Amino acid sequence: MNISRYCRAWCAALMLLTGSPSLLAATPDDQLIVGMNMNNLLTLDPAAMTGNEVVGIVVNLYDGLVELDPRQLTHVRPALAERWEISADHRQLTFHLRDGVHFHSGNPLTSEDVIWSMRRVLHLNLAQASVWKSYGFSKDNVDQMITAPDARTVVIQLPKPNDPQLVLYSLAALGSMVVLDSKTVQAHAVNKDWGNRWLTTHEAGSGPFRLDVWQAKDVLRMSRDDNYWRGAARLTRVVFRHLQESQTLRLMMEKGDIDIASNMAIPDVQALRHDPDLTIDAVQKGTLYYLAMSMKDDHFANPQVREAVRYLVDYQGINKTLMAGYGTLHQRPIQSGMPETLPDPGYRLDVPRAKALLAAAGYPNGFDTTLRVLADQPFLNIAIAIQSTLMQAGIRAKIITGTGNQIYGAMRERQFNLLVGRGGSGVEPHPHSSLRSLVYNPNNADSARLTNFQGWRTGFYDAQLNQMIDQALLERDSTKQQQDYVAIQQRYDQLIPALMPISQMTDSVVVNNRVQDYVPHPSATTFLRDVWKTPDSLAGGVQ
């Protein structure tokens, strides 16, 4: 290798990032530089977004009606709506907008923009429509259900009985119902696409930051809006850099070339734990690592095969040796920490039992299949471990790696056999959130396109279970509701589901101590408007 050429290239890369020729130069006092893996950042359109990475960006470009307090997740606080009421019959929510809010374009934000943005999600019927369809909204009824009596009032009527508090949580946490500048977006619409193509790489928000540029798998830059209705953000610019290699992230954190690093391999996180200039923020999220089976595949449509696979995962070994810093053992569809969550059932690797089940299903010698997985950790190591234990019972799984679009794209199209993934919202602080994402499947038809529901993706459908989930959501007696959620988990377990939870996610973010008021959020809606940095001269940075 030509070392001098390598060094010149490395220094040039750092100059692009920091604007400084010094390897040890600190990042600018008024800018936040974030290093992250952007492989799963596919679109900036709030109606089409998938994955946690994009949510953390969208909520800083746009505003919603309400938002969750990151320090008290059950607290819904005002945003564009300064107040709201819930009707006595729990079927209507009325929001009152604050005055004086303008989009980045200069256009005033009115109730017409709010209802247009909400209607757009259902009419486009892309990834973020799934949650709202579960509430009974559709492109056929949304125009009647979401209305604007005047320029400052928005009325949401629920198409079917629901828990209005959960609807508030969804409005606050998901990022799907942020408010778009309808005039600007419509000016860029092509062939009735509601501006989807343009919004893939642009924004039309009223948030604290404006999008400067997004170059896929390279860089995303946004600058503060000095006219933001809450007051200008303390940072003038936020830069997200695509840094796929964990060791590169580690080196750049050590040198002070980036302020925050996410998606780091845990060994690299642990290596930084004792650096006095850095802090490790570990946030437990409701998201679960899982092994999914497609019931569109004849093998996994057989419950005996699914049960055999249940006993061909070394849950304890995986969590002990592979998941430190990534997650903790969890085998239930409702995230841990909630009073409704049952204790783990204690499933563990049992090859003889799995072989007997496969023989009873007609596969005494096993079968060939494929196992899809992201080419990132810990996903790949989980897949390799599962491939090994599947082989012990004769299931020969060929591992197929790829990007998020390739792997989850195949799952969204229901074109996979086995898949190691991570999902299950758990975004709203309510047990229904996890069940809706992982279990609920009100329409198993291919044409339903409930692509944000893991139940639909795997083809797992049980009408009674759907009904139980619907009824538990509406139960007003908290004791009875908790009993309902226990019964749901018991039935789900008995049905031998197509998705098996393995571990509940822990998100470890490395933050330079110069960064102040950065509050990582379990739902990925990390607000940057109040973040600031101590001057480098006060932090003792290297000049």
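Computed from a prediction, not measured in an experiment: that's the story for all the values here. Computed over heavy atoms, backbone and side chain alike; hydrogens, waters and symmetry mates excluded.
- Side-chain atoms of His242 come within 3.5 Å of backbone atoms of Met38 as a donor-acceptor pair (strictly under, hydrogens ignored).
- In this structure the side chain of Met264 never reaches within 4.5 angstrom of the side chain of Ile266, judged on heavy atoms.
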(message) One pair to check against side chain to side chain contact (heavy atoms under 4.5 Å, CB included): Tyr408 and Thr403. What are the steps and the verdict?
(response) CA-CA 8 Å; Tyr408 291 119; Thr403 64; over 6 Å; no

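- Between Leu380 and the options Leu322, Thr401, Leu374, a side-chain contact (heavy atoms from CB on, under 4.5 Å) holds for only Thr401.
- Between Tyr518 atom OH and Asp530 atom CG the span is 13.5 Å, to the nearest 0.5 Å.
- The existence of a salt bridge linking Arg230 and Glu67 is confirmed by a sub-4.0 Å separation between a basic side-chain nitrogen and an acidic carboxylate oxygen.
- No side-chain heavy atom of Gln284 sits less than 4.5 Å from a side-chain heavy atom of Met505.
- In this structure, Lys533 does not pair ionically with Asp29, as no charged nitrogen and carboxylate oxygen lie closer than 4.0 Å.
- For the atom pair Leu42 CG and Asn405 CG, the distance stands at 5.0 Å (nearest 0.5 Å).
- For Asp45 and Arg120, the salt-bridge test passes: some basic side-chain N is under 4.0 Å from an acidic carboxylate O.
- Thr27 OG1 to Arg514 CZ: the interatomic distance, rounded to the nearest 0.5 Å, is 4.5 Å.
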(message) Does Val101 form a side chain to side chain contact (heavy atoms under 4.5 Å, CB included) with Asp99? I'd like the steps, not just the answer.
(response) CA-CA 6 Å; Val101 178; Asp99 290 321; over 6 Å; no

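- Counting heavy atoms from C-beta on, the side chains of Thr526 and Val519 never come closer than 4.5 Å.
- A donor-acceptor pair is defined here as one N or O able to donate and one able to accept, closer than 3.5 Å; no such pair exists between the side chain of Ser117 and the backbone of Val179.
- Ring planes of Trp198 and His188: parallel class, angle under 30° (limits at 30 and 60°).
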(request) I would like to know whether Tyr326 and Tyr289 meet ring-ring contact (aromatic ring centres under 6.0 Å, His included); could you show each step before the answer? (result) CA-CA 9 Å; Tyr326 291 115; Tyr289 292 93; 7.1 Å; no

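- Inspection of the Tyr290 and Gln454 side chains reveals an N or O donor paired with an N or O acceptor under 3.5 Å.
- Counting heavy atoms from C-beta on, the side chains of Ile382 and Val373 never come closer than 4.5 Å.
- Between His123 and Trp194, the gap from one ring centroid to the other is short of 6.0 Å.
- Shortest non-hydrogen contact noted between Pro333 and Pro501 is N-CG, 4.2 Å.
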(request) Under the side chain to side chain donor-acceptor pair (under 3.5 Å) rule, what do Asn417 and Ser294 come out as? Steps first, then yes or no, please. (result) CA-CA 5 Å; Asn417 306 123; Ser294 173; over 6 Å; no

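- Rounded to the nearest 0.5 Å, atoms CG (Leu288) and OG (Ser503) are 8.0 Å apart.
- Using a 3.5 Å distance cut-off with no hydrogens or angles, the side chains of Asn37 and Asn39 do pair a donor with an acceptor.
- Contact record, Phe453 with Tyr440: CD2-O, 3.6 Å, taken as the closest heavy-atom pair.
- Thr200 places a side-chain N or O within donor-acceptor distance of the main-chain N or O of Asn196, the cut-off being under 3.5 Å.
- Ser176 and Trp132 share a side-chain donor-acceptor pair at under 3.5 Å.
- Counting heavy atoms from C-beta outward, Leu109 and Leu80 have side chains that approach closer than 4.5 Å.
- With Arg457 contributing its side chain and Thr451 its backbone, the two residues share a donor-acceptor pair below 3.5 Å.
- Here Tyr228 and Phe209 keep their ring centres 6.0 angstrom or further from each other.
- The minimum heavy-atom distance linking Ala47 with Leu126 is given by the pair O-CB, 3.6 Å.
- Tyr135 and Arg436 are linked by a side-chain donor-acceptor pair at a separation below 3.5 angstrom, with hydrogens and angles left out of the test.
- With hydrogens and angles disregarded, a donor-acceptor distance shorter than 3.5 Å links the side chain of Gln377 to the backbone of Asn381.
- Side-chain N or O atoms of Gln31 include none that pairs as donor or acceptor with a backbone N or O of Pro28 at under 3.5 Å.
- Taking OG1 from Thr279 and CG from Leu272, the interatomic distance works out to 11.0 Å, rounded to the nearest 0.5 Å.
- The main-chain N or O of Phe460 is found under 3.5 Å from a side-chain atom of Asn441 such that the two form a donor-acceptor pair.
- Residues Asp218 and Arg241 are paired through a salt bridge, judged by an N-O separation under 4.0 Å between the basic side chain and the carboxylate.
- Across all their heavy atoms, Leu180 and Pro46 have their closest contact at CD1-CG, 4.3 Å.
- Residue Val131 comes nearest to Ser170 through the heavy atom pair CG1-OG, 4.1 Å, listed as atom of the first residue, atom of the second, then distance.
- In this structure, the side chains of Val219 and Val239 come closer than 4.5 Å at one or more pairs of heavy atoms.
- One distance of note links CG of Asn512 with CD of Gln516; it measures 9.5 Å at 0.5 Å rounding.
- Checking side-chain atoms of Ser206 against main-chain N and O of Phe103 turns up no donor-acceptor pair under 3.5 Å.
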(request) Before giving the answer on side chain to side chain contact (heavy atoms under 4.5 Å, CB included), spell out for Leu171 and Ile156 the whole-Å C-alpha distance, their side-chain angles and the decisive distance to 0.1 Å. (result) CA-CA 11 Å; Leu171 286 170; Ile156 301 177; 4.3 Å; yes

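- In this structure, the side chains of Met118 and Val142 stay at 4.5 Å or more apart for every pair of heavy atoms.
- A donor-acceptor contact shorter than 3.5 Å is absent between the side chain of Thr184 and the backbone of Asp181.
- Between Trp532 and Asp30, the side chains place no donor N or O within less than 3.5 Å of an acceptor N or O (distance only, hydrogens not considered).
- Side chains of Asn107 and Ser105: a donor on one and an acceptor on the other come within 3.5 Å.
- The two residues Val54 and Thr43 have their closest heavy-atom pair at CG2-O, 3.1 Å.
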(request) Please test Arg449 against Glu413 for salt bridge (charged side-chain N to carboxylate O under 4.0 Å, His left out), starting from the C-alpha separation and ending with a verdict. (result) CA-CA 8 Å; Arg449 300 293 299 166; Glu413 295 299 324; 3.1 Å; yes

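- Using a 4.0 Å cut-off between charged nitrogen and carboxylate oxygen, Asp226 and Arg224 count as a salt-bridge pair.
- A 4.5 Å side-chain heavy-atom check between Ile260 and Leu32 finds at least one atom pair inside the cut-off.
- Using modelled atom types, no side-chain atom of Thr458 and backbone atom of Ala292 make a donor-acceptor pair closer than 3.5 Å.
- Using bins of under 30°, 30° to 60° and over 60° for the plane-to-plane angle, the ring pair His430/His432 lands in the perpendicular bin.
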(message) Please evaluate residues Asn125 and Lys133 with respect to the criterion side chain to side chain donor-acceptor pair (under 3.5 Å), reporting the C-alpha separation (whole Å), side-chain torsions for both, the decisive distance (0.1 Å), and the verdict.
(response) CA-CA 9 Å; Asn125 196 27; Lys133 287 192 288 188; 2.6 Å; yes

(request) Decide side chain to side chain donor-acceptor pair (under 3.5 Å) for Glu82 and His96; before the verdict, give the C-alpha distance in whole Å, the side-chain angles of both, and the deciding distance to 0.1 Å. (result) CA-CA 6 Å; Glu82 58 186 359; His96 303 279; over 6 Å; no

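- For Arg414, the CZ atom counts as densely surrounded, since its 6.0 Å shell holds more than 12 non-hydrogen atoms of other residues, nucleotides or ligands.
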